[in-house]
Asks: 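Got a structure for you, written out below as structure tokens; questions coming shortly.
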Amino acid sequence: MTEEANKATSTSTPARTRYAPSPTGNPHIGNIRTAIFAYLWAKHTGGQFILRIEDTDRKRLVEGSLDNIKESLSWLGLDWDEGPDKGGPFGPYVQSERLDRFQAVARQVIEEGKAYYCYCTPERLDAVNKAKQAAKQAPGYDRHCRNLSEEEKQAALAEGIKPTVRFKVPLEGSTTVNDLIVKPLTVENSTIQDAVILKSDGYPTYHLAHLVDDHDMQVTHVIRGQEWLPSAPLHVMIYQALGWEIPVLIHVPVILNPPGQKGKLSKRDNAVSVSQYRELGYLPEALLNFLVLLGWSYDDHTEFFTKQDLVEKFEVSRIQPTPAKFNIEKLDWINAHYINHVLDVEDFARRCLPFLAEAGVISPEEAQDPGDKWPFIRAACALVKDKVKVLSEVPQEIDFIFKPAAALEYPAKDLVGKNESPAAAAGVLEAAINFLKEVPDEVYNDREALLSGLSDISENKLKLTNRGMMFWPPRVALSGRTKSPDLMAMIIALGRDETVQRLELARQSLLNQS
RNA sequence: GGCGCAUUCGUCUAGCGGCCUAGGACGCAUCCCUCUCAAGGAUGAGAUCACGGGUUCGAAUCCCGUAUGCGCUACCA
């Protein structure tokens, strides 16, 4: 590692990083991952993470975006130290509220002869582009206004044209961009356009705005998407023109579509926003864990990281320069791991509440405050905690618990299962009913005791050849399905009355059948 | 079209010149556990490190070309 890189990744100086989205809708999961990297690096070094809103394109604003952005970050646990409506020493943190500053900087560079007013109309720009393309030249601005005479300027102003401001790119030499994860990039200055830095409506473009703000807000590491790499040389030139120190640049690769699909992760066939994953039943800790591992690794074997682990172990230099494909199967695995092995029953059940309400299994009021029903709901959720991948699967897995016994619908032949005849299955049910009716509460509510009690009936009383024959009919009778949660757990969760009633109902239907 | 970045099992990755006959994980297959489904445990298939040239005693690791992928080429970010 070079000395410069060493300094850039040093943890002895607190880093100031930022997430600077445009309020143009729900933030894309790829941008969110970039935000995660920026957050982790700031926290790892004991620095600050800044949220800044880049709303300089008035045409693309989408109502409610800011709330979406804030909610996405909050849900994932990415709290920002400075930002809109939170404030901070370098506010405001919304670019449309900083116009004076951008315009002042633009004026300054013009006065220093490093930028100029451009009076070209969109029509002329378009014509120039077309002409260049027809001549098989690279498209771009022809620098027509770069050396306008005083008369020409006056004439344009007299016409009422509102000029833009363009940066005067040096005609000769080359510019080098140093990036922490991508190799140094050197380009000939002659290939760079005189980009617009201030639009005719008085708003800055990204090139000016982000740079001024990063400088003013003392951002030390610019962590952004790789789509910015081609314009990074321009940014370096502007920094140099301004005489400002260039922050450490880190261009993070994009996230690609899953195997089989081409291109960047797109919403056509995939969920691309944090809120979508939330609705699909993914846990924030799992999404965070997964996203971080998409393009970053700690070592050759660690897969699970809490936010705390990540803050401790995250290194920007270990971000992969290669775009990664989004692989939902791994996300599922990670999510299942958190549900099955990290969450406790109480926590899990609480997180299931909104999904149960959404599916109509419980009422919205109960989801808000389950009250007396909480132990029952919790027990129901506990039944499937170890088999579910996402929270949204829970309702369909346990709705049978909430239905009245008579509402369970299933083919009577399912009850027979491994038994030879409906009569045999009915016999099993009868024995189970008799047992469960009479057993004392301590036994009824003890999983192990129930198991041995039923096993005893199977082996000694009914002389069945395997336990499956004993457990199958009650399983179907209680759940109405052939794939169900643990039998003992269902018996306990349903309670004695409901259990016996369901078993009895099933027994009757078998008797009618035979 | 031009410019740029990238390239290790299907996927995410470890690897920063000899420890690599390339390691881990997801997924897949088989087996074990077992009252169904999961979970868990074990085993296995799966990459001549995109391809072709160099450099070197020695290359997945360095250099150059080609191919492929991705990005940029706006008064959008």
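Everything numeric in this text was worked out from a predicted model, so none of it was measured. Naming: A, B, ... by sequence-line order, numbering from 1 per chain. Scope of the values below: all heavy atoms of this structure, side chains included, with no hydrogens, waters or symmetry mates.
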Asks: Using the C1' atom on both, measure B/rG53 against B/rG41 and round to a whole Å.
Replies: 49 Å
Asks: Would you say the side-chain atoms of A/N257 and A/N270 include a donor-acceptor pair closer than 3.5 Å?
Replies: yes
Asks: Under 6.0 Å between ring centres, would you say that holds for A/F290 and A/Y338?
Replies: no
Asks: May I ask which nucleotide in the shown strands pairs with B/rG1, Watson-Crick or G-U wobble, both distances under 3.5 Å?
Replies: B/rU73
Asks: Take A/T24 and A/L61, measure what side-chain contact (heavy atoms from CB on, under 4.5 Å) needs, and give me the verdict at the end.
Replies: CA-CA 5 Å; A/T24 54; A/L61 299 183; 5.8 Å; no
Asks: With both distances kept under 3.5 Å, what pairs with B/rA47, Watson-Crick or G-U wobble?
Replies: none
Asks: Rounded to whole angstrom, note down the P distance from B/rU21 over to B/rC26.
Replies: 26 Å
Asks: Which is true for A/T164 with a 4.0 Å heavy-atom rule: it touches a base, it touches only sugar-phosphate, or it touches nothing?
Replies: base
Asks: Considering only B/rC5, B/rG71, B/rG1, which nucleotide approaches the side chain of A/K264 most closely?
Replies: B/rG71
Asks: Produce a footprint string for nucleotides 33-54 of chain B: one letter per nucleotide, 5' end first; B if the base is under 4.0 Å from any protein heavy atom, S if only the sugar-phosphate is, - if neither.
Replies: --BBBBSS--------------
Asks: Does atom OH of A/Y410 have more than 12 heavy-atom neighbours from other groups under 6.0 Å away?
Replies: yes
Asks: Tell me, with the steps shown, if A/H221 and A/R18 meet side chain to side chain donor-acceptor pair (under 3.5 Å).
Replies: CA-CA 8 Å; A/H221 295 69; A/R18 44 60 165 189; over 6 Å; no
Asks: So which heavy atom on A/A286 is nearest to which on A/N335, and how close?
Replies: CB-OD1, 3.2 Å
Asks: Find the distance A/H251:NE2 to B/rC72:P and express it as a whole number of Å.
Replies: 12 Å
Asks: If we take the C1' atom in both B/rG23 and B/rA47, what is their distance in whole Å?
Replies: 12 Å
Asks: Could you give the distance separating B/rC16 and B/rU8 at their C1' atoms, to the nearest angstrom?
Replies: 14 Å
Asks: Would you say A/K132 places a side-chain N or O within less than 4.0 Å of OP1 or OP2 belonging to B/rU73?
Replies: no
Asks: Could you check which nucleotide pairs with B/rU7 in any of the strands shown, counting Watson-Crick or G-U wobble with both distances under 3.5 Å?
Replies: B/rA67
Asks: Aromatic rings A/Y206 and A/W228: how do their planes relate, parallel, tilted or perpendicular, breaks at 30° and 60°?
Replies: parallel
Asks: Provide the Watson-Crick or G-U wobble partner of B/rC31, both distances under 3.5 Å; none if there is no partner.
Replies: B/rG41
Asks: Go ahead and name the base partner of B/rA60; Watson-Crick or wobble counts if both distances stay under 3.5 Å, otherwise write none.
Replies: none
Asks: What is the distance from CZ of A/R60 to P of B/rA77, rounded to the nearest Å?
Replies: 7 Å
Asks: Starting from C1' on B/rC26, measure out to NE2 on A/H301 and report it in whole angstrom.
Replies: 17 Å
Asks: For A/D194 and A/Y116, does a side-chain donor sit closer than 3.5 Å to a side-chain acceptor?
Replies: yes
Asks: Measure CD1/A/I334 against P/B/rG27 and give the value in whole Å, please.
Replies: 10 Å
Asks: How does protein reach along nucleotides 9-15 of chain B, written 5' to 3' as B (base within reach of a heavy atom under 4.0 Å), S (only sugar-phosphate), or - (no contact)?
Replies: --SBSSS
Asks: Shortest non-hydrogen contact from A/A477 to A/L415?
Replies: N-CD2, 3.6 Å
Asks: B/rC33 and B/rC70: how far apart are their C1' atoms, nearest whole angstrom?
Replies: 46 Å
Asks: Taking N or O atoms only and anything under 3.5 Å, show me the protein contacts with nucleotides 60-68 of chain B, one pair per line.
Replies:
none

Asks: Decide yes or no for A/K130 and A/D126: does some side-chain heavy atom of the first lie under 4.5 Å from some side-chain heavy atom of the second?
Replies: yes
Asks: If the C1' atom of B/rC35 is compared with that of B/rG24, how far apart are they to the nearest Å?
Replies: 35 Å
Asks: What does A/R166 touch in the nucleic acid at a heavy-atom separation under 4.0 angstrom: a base, only the sugar-phosphate, or nothing?
Replies: sugar-phosphate
Asks: Checking all strands, does A/G263 fall into the base, sugar-phosphate, or nothing category for heavy-atom contacts under 4.0 angstrom?
Replies: sugar-phosphate
Asks: Report the C-alpha distance between A/S455 and A/F471 in whole Å, list the side-chain angles of each, state the deciding distance to 0.1 Å, and finish with yes or no for side-chain contact (heavy atoms from CB on, under 4.5 Å).
Replies: CA-CA 9 Å; A/S455 299; A/F471 292 178; 4.1 Å; yes
Asks: Give none if B/rA14 has no partner; otherwise give the nucleotide forming a Watson-Crick or G-U wobble pair with it, both distances under 3.5 Å.
Replies: none
Asks: Please classify the nucleic acid contact of A/P258 as base, sugar-phosphate, or nothing, using heavy-atom distances under 4.0 Å.
Replies: nothing
Asks: Mind telling me whether A/H337 and A/W333 have parallel, tilted or perpendicular rings, with 30° and 60° as the class edges?
Replies: tilted
Asks: Flag the pair A/L294 / A/K325 as yes when at least one side-chain heavy-atom distance between them is below 4.5 Å, and no otherwise.
Replies: no
Asks: Answer with base, sugar-phosphate or nothing: what part of the nucleic acid does A/C120 contact at a heavy-atom distance below 4.0 Å?
Replies: base
Asks: Send over the distance from A/N31 CG to B/rA77 C1', rounded to a whole Å.
Replies: 10 Å
Asks: Give me the distance, rounded to whole Å, that separates B/rC9 from B/rG15 when you measure between the P atoms they each carry.
Replies: 16 Å
Asks: Using a 4.0 Å heavy-atom cut-off across all strands, classify A/T24 as base, sugar-phosphate, or nothing.
Replies: nothing
Asks: Look at the aromatic rings of A/F314 and A/W296 and report parallel, tilted or perpendicular, splitting at 30° and 60°.
Replies: tilted
Asks: P atom, B/rG10 versus B/rA50: distance in rounded Å?
Replies: 12 Å
